[in-house]
Protein chains: 2
Amino acid sequence: MPKPADPAVRAALIEHAATMVVAREPVTLRALATRAGTSTMGVYTHFGGMPGLWAAVRQEGFVRLAARLATLAPTDDPAGDLGALGAAYAANALENPALYRLMFDAAADLPDPDVADAAFAPLVDGARRAREAGRLDDVDPVDVATRLWAGGHGLVMLVVTDVLPRAALTAHGPALNAAVLIAAGDDPQRCTASVQRGWGG
Amino acid sequence: MPKPADPAVRAALIEHAATMVVAREPVTLRALATRAGTSTMGVYTHFGGMPGLWAAVRQEGFVRLAARLATLAPTDDPAGDLGALGAAYAANALENPALYRLMFDAAADLPDPDVADAAFAPLVDGARRAREAGRLDDVDPVDVATRLWAGGHGLVMLVVTDVLPRAALTAHGPALNAAVLIAAGDDPQRCTASVQRGWGG
DNA sequence: AGGATGGCATAGCGCTGCTATACCTACCGA
DNA sequence: TCGGTAGGTATAGCAGCGCTATGCCATCCT
């Protein structure tokens, strides 16, 4: 047991907390400390308390989301890329619904807000490439990306909270994405086909 | 103090709980009972426990939302009506952000799910009227309403959780509404004008 | 008029997050 | 090489939480 703060303990706490969240187990201070093989004080040494731990877990969720979205390589069909991003975003949320809900429970105060921007960047890039390809009017890519994100977030949120069935994702996800792009100037039929291709895989 | 369950006690508990939620005060069993002028047992008599109380408060939130949306009388411009519905929906959420978050924390299990349908109905009606007025293609009004709702919910949620600034509502709310309607067949310019008029008041 | 019923007040249980304290290990100057 | 020091970790105990067992008492039915 070294004197300097053990990074492994910190990582284990985040990892086990995320696992328990995903498994829908109640994440209590004592249960978490036991699982992570440490004492309750570890949470206070590394995170200052449970709120700090939650912030770290939310951050971890955004890191995973950003990493997943980053695996999608841009093609010569920006609208299709945006559809694929939407599909990956939704899939990530539906594989770990509890983590997704936790992430957006207080997404405004993340330890490192840059990671949220990193997850958002591919959308902005896709919108920018769509405009540069002449498929969109002279619109701000950030505005387009924000609308895509808001629509996707709302739909995903309603699904993970069991308000809408899972089938609503494929029924309305591509349609919402396409609607934003069509309103931004893309050709309706071409856009629908591109986005649908991106979602369908 | 009558023997049969006092409805006033039940109403007072819901009312005070909602007030405390709106005021962002921690709603503990003891604090709530004290404020409502009863004992902790009242919560168990009327709601079976704190989860039951939360469900009742969520229900109250949907009742207020439905009542507010119902005040908007249909005009001969269905797209404008849908814009006005979006504005009223967003205004209701922003006036009581904590209550809105609570509502959708478990919107799937409401004591009386009909009240959620009642809040959703004006959107479906607006979409139906828009189609009957020949402004939309042969689309399912429920699908259009669902997409309007998902987009609005996502945007509102991001604002309420401080991820996006309040200004994002007026910047993207009308645009999202219009995008859904344009993709459903409405004329872009006319639709944008209608929706913007509905939001602007 | 007198049981029987059922809502409400009180007291206390187990659990929660949190913190004061003690310990023990690793570093650092002499 | 060794003692002093600093700092992370383990333990014990605190106040607060939701919840429930118990007793009281007003109301209704026969």
Side-chain angles (χ1 to χ4, degrees), chain A residues 1-60 98-99 101-103 105-106 109-111, chain B residues 1-60 98-99 101-103 105-106 109-111:
Chain A
M1 299 300 174
K3 172 193 96 180
D6 190 347
V9 172
R10 181 190 162 90
L13 283 169
I14 295 177
E15 186 62 31
H16 280 92
T19 302
M20 294 169 82
V21 166
V22 168
R24 286 184 183 70
E25 300 173 19
V27 183
T28 69
L29 177 64
R30 287 167 176 79
L32 172 62
T34 300
R35 290 222 182 191
T38 179
S39 79
T40 60
M41 274 303 296
V43 173
Y44 292 85
T45 301
H46 293 283
F47 307 103
M50 289 300 281
L53 172 78
W54 292 126
V57 175
R58 284 196 300 271
Q59 167 115 347
E60 175 65 19
L99 183 58
R101 294 186 63 175
L102 176 65
M103 284 165 60
D105 208 59
D109 37 52
L110 243 40
Chain B
M1 297 298 173
K3 172 195 97 182
D6 191 348
V9 173
R10 180 190 162 90
L13 283 169
I14 295 177
E15 187 61 32
H16 281 91
T19 302
M20 294 169 81
V21 166
V22 167
R24 285 185 183 72
E25 300 172 19
V27 183
T28 69
L29 176 63
R30 289 169 175 78
L32 171 63
T34 300
R35 290 221 181 192
T38 179
S39 79
T40 60
M41 275 303 296
V43 173
Y44 292 86
T45 301
H46 293 283
F47 307 103
M50 288 301 280
L53 172 78
W54 293 127
V57 176
R58 285 195 298 271
Q59 167 113 348
E60 174 64 20
L99 183 57
R101 294 186 64 174
L102 176 65
M103 284 165 59
D105 207 60
D109 38 52
L110 243 41

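In what follows, chains carry the letters A, B, and so on, assigned in the order in which the sequence lines appear, proteins first and then strands, with residues in each chain numbered from 1.
Within 4.0 Å (heavy atoms only), A:P26 reaches no atom of the nucleic acid at all. Among the protein residues, B:M50 comes within range of the sugar-phosphate backbone only, with heavy atoms under 4.0 Å from sugar or phosphate atoms but none that close to a base. Base engagement by B:S39 is indicated by at least one non-hydrogen atom pair under 4.0 Å involving a base atom. Residue contacts for A:T45: at a heavy-atom cut-off of 4.0 Å it reaches a base atom on one of the strands shown.
For D:dG18, its base sits under 3.5 Å from the side chain of B:R30 at one donor and acceptor pair at least.
Taking 4.5 Å as the limit, every side-chain heavy atom of B:H16 sits out of range of all side-chain heavy atoms of B:V27.
If you measure from atom CG of B:D6 to atom P of C:dG6, you get 17 Å, rounded to the nearest angstrom. Counting to the nearest Å, the P atom of C:dC18 and the CZ atom of A:F47 are 13 Å from each other. Atom P of nucleotide C:dA9 and atom CG of B:L13 are separated by 10 Å, given to the nearest angstrom. In this structure, B:L32 places its CG atom 13 Å from P of C:dA9, rounding to the nearest Å. Computed from coordinates, the B:Y44 OH to D:dA21 P distance equals 12 Å when rounded to whole Å.
Ranked by how close their nearest DNA chain C nucleotide is to the 5' end, A:A31 and A:G48 are led by A:A31.
For D:dA10, the OP1/OP2 oxygens have a side-chain nitrogen or oxygen of A:T38 closer than 4.0 Å. Residue B:H46 places none of its side-chain N or O atoms closer than 4.0 Å to OP1 or OP2 of C:dG7.
Judged purely by atom type and a 3.5 angstrom limit, B:R101 uses its side chain to pair as donor or acceptor with the backbone of A:D105.
Distances from the side chain of A:M41 to the nucleotides C:dT16, D:dC19, D:dT9 place D:dT9 closest. Which of D:dT11, C:dG17, D:dT20 sits closest to the side chain of A:L29 comes down to C:dG17.
The shortest heavy-atom contact between B:A31 and B:M20 is CB-CE, 4.0 Å. Residues B:F47 and B:L53 share a closest heavy-atom pair of CB-N, 3.5 Å. The two residues A:A106 and A:R58 have their closest heavy-atom pair at O-NE, 3.3 Å.
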